2 protein chains.
Amino acid sequence: MPKPSAREKVMDAYEELLIEQGPGAVTLEAVAARAGVSKGGLLYHFGSKDALVEGLIERIGQLGVADREAARNAPEGVVRYYLESSATDVTDDKAIHHTTMATMRLIGSEPRIDVAMRAYTDEWRLLLNEHITHPVTAEIIGAIGDGLYFRASLGVDPSPLLKELTDVLLRFSEKETEPG
Amino acid sequence: MPKPSAREKVMDAYEELLIEQGPGAVTLEAVAARAGVSKGGLLYHFGSKDALVEGLIERIGQLGVADREAARNAPEGVVRYYLESSATDVTDDKAIHHTTMATMRLIGSEPRIDVAMRAYTDEWRLLLNEHITHPVTAEIIGAIGDGLYFRASLGVDPSPLLKELTDVLLRFSEKETEPG
DNA sequence: GTCTATATTCTGATAGAC
DNA sequence: GTCTATCAGAATATAGAC
């Protein structure tokens with residue numbers, strides 16, 4: 001792992017602050033302090049607070065592409081990959097989860113954030129539809145993933161029933177993806 | 001309908017601003033302006049910004065109780081009531097939806113908000129479990145409702161597949177709630 | 001590339017008139 | 001109960017040294 005650039009350290013700090021304390025606590029000073037740089041140092045990399053939002057949007061776009069690519073190549077299949085990775089919690093530090101949780105904190109505050117988040121969920125919905133024959137089943141599984149993400153953002157621990165839930169849904173979807 | 005008190009007009013304005021522009025745009029001045037009162041007038045009813053948060057938490061608690069009571073008495077049954085009322089959109093002005101959407105904007109910003117929202121989803125989960133025999137089925141339906149709410153908060157229109165989705169899930173849950 | 005110091009604007013909250 | 005006027009603190013952003 002290459003040592004993170006100052007720019008990346010700032011973005012990481014920005015995400016952490018969004019997740020742990022919400023948008024109200026995200027001041028340039030607080031982000032700079034957590035990233036270990038001065039306010040001036042931060043502003044060299046991100047010229048305004050808005051530039052931080054732009055950076056977050058760029059990140060979730062890139063990580064989303066990589067994550068869906070990983071799903072396509074996953075030995076367990078796209079559907080199981082989706083359900084298992086939706087069963088996260090707020091403290092998950094996997095890059096795509098961290099960035100997604102941070103982005104969720106800004107929903108409703110920035111139209112561009114809403115667009116990026118809708119794009120993220122839409123892309124997943126398309127991918128699920130490629131791998132599940134019945135559209136209603138795909139819709140159900142997509143909505144459950146969104147629900148699990150929402151619960152994670154609320155600080156709810158993943159349900160102990162999650163493994164069974166995944167198995168039930170997989171049987172449900174596989175039955176319908178078989179020919180005949 | 002009794003004419004709304006100034007206090008209620010302020011809370012309504014507070015919710016509207018949270019939903020439409022997010023927490024960053026919610027200043028005492030903006031809330032007062034939308035409610036049609038002065039900043040001083042607002043502060044007579046809510047002595048601080050924090051008091052607005054308290055008011056919102058109180059509201060979602062009361063409306064949640066009333067909504068679940070309505071669900072218990074609904075002729076279509078608790079499960080269908082839950083799924084159909086989860087299929088909302090951000091502009092829904094039914095009181096419980098309006099308040100829930102506003103509350104979602106503050107998730108992660110205020111610990112008391114997170115507690116209140118978890119209480120809200122937990123109470124629904126308990127109620128669903130009273131009416132669905134198989135816990136995994138209850139968990140699936142609960143998660144779907146959360147997912148539909150999350151999508152609504154994102155500004156996604158309710159899925160055109162929603163009616164079919166509800167029917168599939170109801171057959172699924174009813175099959176398991178019959179004795180045998 | 002990173003820092004300190006400063007200018008400017010905004011926000012929450014108080015005091016007191018009506 | 002509602003308003004205007006005002007203040008103290010905080011936040012974004014700029015300027016310029018190193």
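Because the structure is a prediction, the values reported are computed rather than measured. As a basis for the values below, the full set of heavy atoms in this structure was taken, side chains included, without hydrogen atoms, waters or symmetry mates. In what follows, every chain begins at residue 1, and chains take the letters A, B, ... in the order their sequences are listed.
In this entry the distance linking NZ of B/K39 with C1' of D/dC7 reads 11 Å, nearest Å. Between the NZ atom of A/K49 and the P atom of D/dA11 there is a distance of 9 Å, rounded to whole Å. Distance CG (A/L42) to P (D/dT14): 13 Å, rounded to an integer number of Å. The nearest whole Å value for the distance from the CG atom in A/L17 to the C1' atom in D/dA11 is 14 Å.
Checking side-chain atoms of B/S153 against main-chain N and O of B/F150 turns up a donor-acceptor pair under 3.5 Å.
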In sequence, state the C-alpha distance, the side-chain angles, and the governing distance for A/Q21 and A/R105, and then conclude on side chain to side chain contact (heavy atoms under 4.5 Å, CB included). CA-CA 9 Å; A/Q21 307 194 49; A/R105 298 297 195 216; over 6 Å; no
Test log, rule ring-ring contact (aromatic ring centres under 6.0 Å, His included), inputs B/F172 and A/F172: CA-CA 11 Å; B/F172 199 54; A/F172 198 55; 5.6 Å; yes
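Within residues 25-33 of chain B, the residues having any heavy atom closer than 4.0 Å to DNA chain C are, in order of number, B/V26, B/T27, B/L28.
Using cut-offs of 30° and 60° on the angle between ring planes, the pair B/Y120 and B/Y149 is perpendicular.
A salt bridge is absent between A/D167 and A/R171; no separation between the charged side-chain nitrogens and carboxylate oxygens falls under 4.0 Å. Electrostatic pairing of B/D12 and B/R59 counts as a salt bridge here, judged by a charged N lying under 4.0 Å from a carboxylate O.
Of the N and O atoms on the side chains of A/S48 and A/D50, not one donor lies less than 3.5 Å from an acceptor on the other residue.
Along DNA chain C, the stretch of nucleotides lying under 4.0 Å from any heavy atom of chain A spans, 5' to 3', C/dG1 to C/dT4.
When the shell of 6.0 Å around CD of A/E29 is examined, it contains 12 or fewer heavy atoms from other residues, nucleotides or ligands.
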